[in-house]
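Notes follow once the structure below has been shown.
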Protein chains: 2
Amino acid sequence: MDLTELLMHFNLTRQEATIYKTLYSEGELTGYEVAKLTGISRSNTYTSLAGLVAKGAAYVIEGAATRYTPVPIEEFCENKIRQLHQIKQDLVKNMPVKKEDTEGYITITGEKNILDKIKNMLLEAKERVYLSVAQNTLTLILPELKDGLSRDLKLVIITNYSFELTGATVFQAEKPPHQIRLIVDSTKALTGDIPEGENASCLFSKNKNLVELLKESLKNEITLIDIMKGK
Amino acid sequence: MDLTELLMHFNLTRQEATIYKTLYSEGELTGYEVAKLTGISRSNTYTSLAGLVAKGAAYVIEGAATRYTPVPIEEFCENKIRQLHQIKQDLVKNMPVKKEDTEGYITITGEKNILDKIKNMLLEAKERVYLSVAQNTLTLILPELKDGLSRDLKLVIITNYSFELTGATVFQAEKPPHQIRLIVDSTKALTGDIPEGENASCLFSKNKNLVELLKESLKNEITLIDIMKGK
DNA sequence: TTATGGTATTCTTAATTAGGAACACTAGTC
DNA sequence: GACTAGTGTTCCTAATTAAGAATACCATAA
């Protein structure tokens with residue numbers, strides 16, 4: 001993803017993002033100079049510069065000719081993130097009470113959504129985590145796993161490569177490349193496949209039967225690993 | 001600002017936000033039920049539900065009829081904020097080197113943009129902060145001031161009401177209600193007016209002359225306060 | 001037949017972008 | 001001083017894209 005697309009995630013239009021980049025690398029500029037450098041029509045350039053100022057991405061330097069200077073990228077991003085934190089608090093406080101979950105079976109699609117769910121399950125874990133997953137996926141959730149260990153979670157991992165994580169119990173076994181199975185606090189289960197891209201699909205549930213099924217499956221897998229090691 | 005507007009800050013369209021709220025208070029629903037409850041056309045309801053799923057705000061429960069359930073608001077917001085943090089890191093790493101600032105005089109307009117700048121100046125302060133400001137504005141930046149004190153910043157404040165902040169030196173004097181003057185590390189200065197709304201306008205600069213001018217002004221003000229107290 | 005469930009299509013409105021014209025000011029040239 | 005070109009800004013029109021409204025069609029179950 002290129003810089004323009006990344007900037008657009010911070011609520012800038014494509015032209016605003018383009019102009020922001022130009023201000024960044026060229027320094028203070030008049031609207032006329034910006035239009036020449038970017039090829040954007042002068043009319044739209046002035047509109048977008050006003051938008052950048054209103055959105056906190058640029059400042060005005062008043063003079064014979066008005067010049068614009070970019071807000072440092074760290075500041076601009078942090079300002080937006082700080083605002084979202086504040087909005088999040090307002091939302092959490094004011095949203096209606098969530099209707100209680102049933103013990104249904106929830107389909108989660110898309111690698112990003114699945115990883116988000118896994119990370120949240122790990123961050124909310126209180127006592128125990130059983131995880132069977134391929135190494136490539138394991139690296140993506142390492143920070144959350146470490147966070148869990150620092151909270152004295154019991155953490156059991158089965159993965160396909162030799163892997164060390166102080167405080168965790170790690171077993172090595174052949175894994176299909178994209179498969180994942182996760183149990184948290186014996187109450188939540190997630191199982192499925194995370195190939196790269198939008199084909200990823202997992203099942204998540206708090207259903208007792210599914211949780212028990214997955215626990216048995218993981219325990220048996222661990223037992224088989226021990227037997228094959230001649231213990 | 002109502003919940004729908006707040007949710008829209010997390011990249012949901014107005015209809016997606018409305019549907020998310022309905023899922024939240026009513027629980028798992030089919031697209032047909034959502035359309036009836038919200039009054040949104042069925043066609044757009046299905047489009048928006050797909051959008052919610054793609055954006056990580058809802059999950060699918062597969063069955064004879066497809067049902068949708070909302071992602072908890074904490075999770076949804078945190079996922080989005082986490083993503084923006086990641087994007088911020090990519091941006092900071094890949095943006096071109098910022099063209100060096102000149103010592104110009106930068107106009108910052110809008111209460112929100114000014115408070116953002118003040119907060120960032122406080123967060124980046126290394127040694128000393130001199131601040132002359134009315135009480136109402138002071139409360140808005142209190143967390144950043146406390147953060148500064150926890151980093152052993154020297155903090156001197158002039159404000160219009162009796163105000164206590166352990167570790168800071170506080171002077172009391174009459175202040176125009178919206179005026180602010182701030183000096184950070186003897187290198188950055190900000191001065192101006194923050195009435196509520198878009199009329200707010202401040203001047204920020206790293207220009208040595210302006211910094212010195214403001215320092216002298218604040219020192220004189222402190223001296224006058226001491227004299228009036230009969231010290 | 002009616003209600004529920006889902007998809008495709010068309011139309012309208014709002015937002016974004018493209019482009020031209022008009023006006024003002026400055027500097028250089030004759 | 002008059003003229004021209006470049007710089008700087010605003011107003012206006014038009015095209016394209018995104019969001020939302022409405023309708024039609026199909027399938028299933030009661």
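Letters A, B, ... are given to chains in the order of the sequence lines, protein chains preceding strands, and every chain is numbered from 1. The figures here come from the full heavy-atom set of this structure, side chains too, leaving out hydrogens, waters and symmetry mates. Quick caveat, the model's predicted, so the values are computed rather than measured.
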Think [X] has a side-chain N or O under 4.0 angstrom from the OP1 or OP2 of [N]?
X     : N      : result
A:T13 : C:dT17 : yes
B:K36 : C:dG5  : no
A:Y32 : D:dG8  : no
A:T66 : D:dT9  : yes

Quick one: [X] [atom1] to [N] [atom2], roughly how many Å, whole number?
X     : N      : atom1 : atom2 : answer
A:L29 : D:dT9  : CG    : P     : 11 Å
A:M8  : C:dT17 : CE    : C1'   : 12 Å
A:I19 : C:dT16 : CD1   : C1'   : 12 Å
A:L49 : D:dT9  : CG    : P     : 9 Å
B:L37 : C:dG5  : CG    : P     : 11 Å

Residues two or more places apart in sequence or in another chain: which of them pass ring pair (Phe, Tyr, Trp, His ring centres under 6.0 Å) with B:F10?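 For B:F10 there are no ring pair (Phe, Tyr, Trp, His ring centres under 6.0 Å) partners, ignoring immediate neighbours.
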Apply ring pair (Phe, Tyr, Trp, His ring centres under 6.0 Å) to A:Y68 and list each qualifying residue two or more places apart in sequence or on a separate chain.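 In terms of ring pair (Phe, Tyr, Trp, His ring centres under 6.0 Å), with neighbours along the sequence ignored, A:Y68 is linked to no residue.
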Does either side chain, that of B:E62 or that of A:T107, offer a donor lying less than 3.5 Å from an acceptor on the other one?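 Short answer, yes.
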Distance-only criterion, 3.5 Å: show the donor-acceptor pairs between side-chain atoms of residues 41-50 of chain A and protein atoms not counting sequence neighbours.
| from | atom 1 | to | atom 2 | distance (Å) |
| --- | --- | --- | --- | --- |
| A:S41 | OG | A:N44 | N | 3.2 |
| A:T45 | OG1 | A:I40 | O | 3.4 |
| A:T45 | OG1 | A:S41 | O | 2.9 |
| A:Y46 | OH | A:Y32 | N | 3.2 |
| A:T47 | OG1 | A:S43 | O | 3.2 |
| A:S48 | OG | A:N44 | O | 3.2 |

Not counting sequence neighbours, which residues clear side chain to side chain contact (heavy atoms under 4.5 Å, CB included) with B:K146? List them please.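 In terms of side chain to side chain contact (heavy atoms under 4.5 Å, CB included), with neighbours along the sequence ignored, B:K146 is linked to B:L142, B:L165.
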Mapping A:E33 and B:I40 onto DNA chain D by nearest heavy atom, which one lands closer to the 5' end?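 Closest to the 5' end, via its nearest nucleotide, is A:E33.
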Between protein and nucleotides 7-10 of chain C, what N or O pairs are separated by less than 3.5 Å?
| from | atom 1 | to | atom 2 | distance (Å) |
| --- | --- | --- | --- | --- |
| C:dA8 | N6 | B:S43 | OG | 2.6 |
| C:dT9 | O4 | B:S43 | OG | 3.2 |

Pairs in or reaching into residues 129-138 of chain B: which pass side-chain hydrogen bond (donor to acceptor under 3.5 Å, both in side chains), with residues at least two apart or in two chains?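 Every pair satisfying side-chain hydrogen bond (donor to acceptor under 3.5 Å, both in side chains) with a residue in residues 129-138 of chain B: B:S132-B:K175.
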